[in-house]
Amino acid sequence: MKFLKFNCRGNTGSGILFFVFFLMMIMIAGGLVGGAYAFFGKGYEFRQYDSQVLFEEARDCFARNNFFDNGFAENKDLFFEKCDLSKTVLEDGDHLVYVKRISDGKEFFVGVYDFKVRCGLKAQKDNKDLPLCRQRTIRGYEWVVGSSQNARRVST
Amino acid sequence: MDFINVADLINCILVLKSRVGVIVRYVYITLYSFVFMNKRAEGILYDNIIYAFLFILFFMLMFYFITGYQDGATFWEDFYAKEISLMINRAEPGMEIAVDVSNLAVIAIKNGKSYREIISIDNVNNRVSVSVRNGAGTSYGFFKDFDIVEPRVEIPSGGATTTRFIFKIKERQREIPQV
């Protein structure tokens, strides 16, 4: 009749076995993820292209419309309209367009101002949540344009 | 000549009675254990249930992850969503653009998805969505404020290897705010 009695002392052994199984699962998962990562790589890195294209669009638009001299820089909506840029996308927390006229220190920006700091971090390439940026000084204007946009999974 | 010994018979009945008693006790204890489980046994049972639940959950997640990478579906969705958004960002109003999306069409058809549904454009939120699997896809934003009109996927020769995504760029209709 002993087999009918539940053995309390078996709890310790059972608990230890659980961790063994858990460790095995972690090892299997690590192997699968590592294999997939090794095969497919880091994915398709696009932040640099995104910021490059955005920089060129904004730079050409500023030059074409002479934003600072015409007083357009105070009106962000006008920037979006004149440059055919989407306010929804540029103010989604993944972009920055920053321009500064060096002569008088006048600034204009749309998006996340803190990207100015994050653009200087060394972890940018490894951490996909950080922006990759274009930082240039052209004809008396300082430019910082960055993007940290990544693809989103959606349900269809 | 054999005959029944009364003493043996009584002895036999007594033995049988004791064995029946043992069996009855076994059955009683078993039922009692199941109906009125003690705390320690209950604890072990819950441990095993939690373990089984975690085990199933783990393998479901792993299965989901692996099927996501089937045929490189996730990678190609990501790639085309970003490339098409780049084309839109570089485009000018009035352009008509055709992109070869044969890779997507092959995977989509293999997954039982219609090639007509693999790419969609959201003009309200400025997003390109690519999906070659049923129920899931990848989306990426384009920052040029254009309307993308007449988006369609075409297979000119009837084969999936020449599939093209064609769309037109049109200037967005709106009022310019006054300075």
Side-chain angles (χ1 to χ4, degrees), chain A residues 1 4-8 10-11 14-15 17-18 21-22 25-26 28-29 32-33 35-37 39-41 43-47 49-50 52-54 56-58 70-72 74-75 77-78 80-90 92 94-95 97 147 149-156, chain B residues 22 25-26 29-30 33 37-38 40-41 43-44 47-48 51 54-55 58-59 61-62 65-66 68-69 72 74-75 77-79 81-83 85-86 89-90 93 113 117 120 124-127 129-131 133-146 171-172 174-177 179:
Chain A
M1 289 207 319
L4 289 173
K5 292 179 182 175
F6 291 103
N7 183 7
C8 188
N11 276 347
S14 178
L17 275 174
F18 177 77
F21 274 105
F22 200 66
M25 284 196 286
I26 289 170
I28 293 165
L32 289 169
V33 172
Y37 184 79
F39 189 77
F40 294 106
Y44 193 51
E45 176 58 73
F46 209 71
R47 291 172 294 164
Y49 296 114
D50 210 27
Q52 167 72 25
V53 176
L54 182 57
E56 288 171 9
E57 290 290 331
N70 289 335
F72 291 171
E74 284 78 26
N75 190 341
D77 285 334
L78 201 66
F80 293 118
E81 299 293 343
K82 290 276 184 190
C83 301
D84 281 328
L85 296 173
S86 167
K87 187 177 181 178
T88 315
V89 174
L90 291 185
D92 64 354
D94 285 325
H95 293 91
V97 177
S147 169
Q149 186 181 199
N150 290 301
R152 290 182 199 162
R153 298 272 175 268
V154 289
S155 57
T156 55
Chain B
V22 167
R25 281 175 66 192
Y26 265 74
I29 291 165
T30 309
S33 303
M37 275 188 282
N38 64 49
R40 281 173 287 183
I44 292 169
D47 283 354
N48 284 312
Y51 173 72
L54 287 173
F55 197 76
F58 170 80
F59 274 98
L61 287 171
M62 286 309 300
F65 179 77
I66 297 299
Y69 278 106
T74 310
F75 173 79
E77 283 179 356
D78 191 32
F79 175 84
K82 287 171 176 172
E83 284 295 333
S85 78
L86 176 66
N89 287 336
R90 289 283 196 194
K113 183 152 188 160
E117 297 169 2
S120 60
V124 177
N125 297 309
N126 286 34
R127 297 198 77 83
S129 295
V130 181
S131 169
R133 296 165 286 161
N134 289 313
T138 304
S139 140
Y140 196 79
F142 54 91
F143 50 75
K144 287 295 277 189
D145 210 9
F146 295 144
E171 199 148 6
R172 187 159 288 182
R174 64 202 155 195
E175 290 178 11
I176 303 288
V179 183

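Order of the sequence lines fixes the chain letters, A, B, ..., with proteins taken first and strands second; residue numbering starts at 1 for each chain. Side chains included, hydrogens not; waters and symmetry mates left out as well; all remaining heavy atoms used.
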- Residue among B:E83, B:E77, B:R127 with most heavy-atom pairs under 4.5 Å to chain A: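 Ranked by heavy-atom pairs under 4.5 Å with chain A, first place is B:R127.
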- Message: Quick check: closest heavy atoms across A:Q149 and B:G141, and the distance to 0.1 Å?
- Response: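 Of all heavy-atom pairs spanning A:Q149 and B:G141, the closest is OE1-N, 2.9 Å.
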- What heavy-atom pair brings B:F142 and A:S86 nearest, and what distance separates the two atoms? O-CB, 4.4 Å
- How many angstroms lie between atom CG of A:D84 and atom CG of B:N89, to the nearest 0.5 angstrom?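 Rounded to the nearest 0.5 Å, the CG-CG separation comes to 11.5 Å.
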- Please list, chain by chain and in numerical order, all residues satisfying side-chain contact (heavy atoms from CB on, under 4.5 Å) with A:I26, sequence neighbours excluded. A:F22
- Item | Partners meeting salt bridge (charged side-chain N to carboxylate O under 4.0 Å, His left out) with B:D78 (sequence neighbours left out) | B:K82
- Message: Parallel, tilted or perpendicular: which one describes the rings of A:F46 and A:Y49, with boundaries at 30° and 60°?
- Response: tilted
Atom group of [X] that falls short of 4.5 Å from chain B, counting heavy atoms:
X     : result
A:D50 : both
A:L54 : both
A:E57 : side chain

Is it the side chain or the backbone of [X] that comes within 4.5 Å of chain A heavy atoms, both, or neither?
X      : value
B:S120 : neither
B:F143 : both
B:A136 : both
B:T138 : both

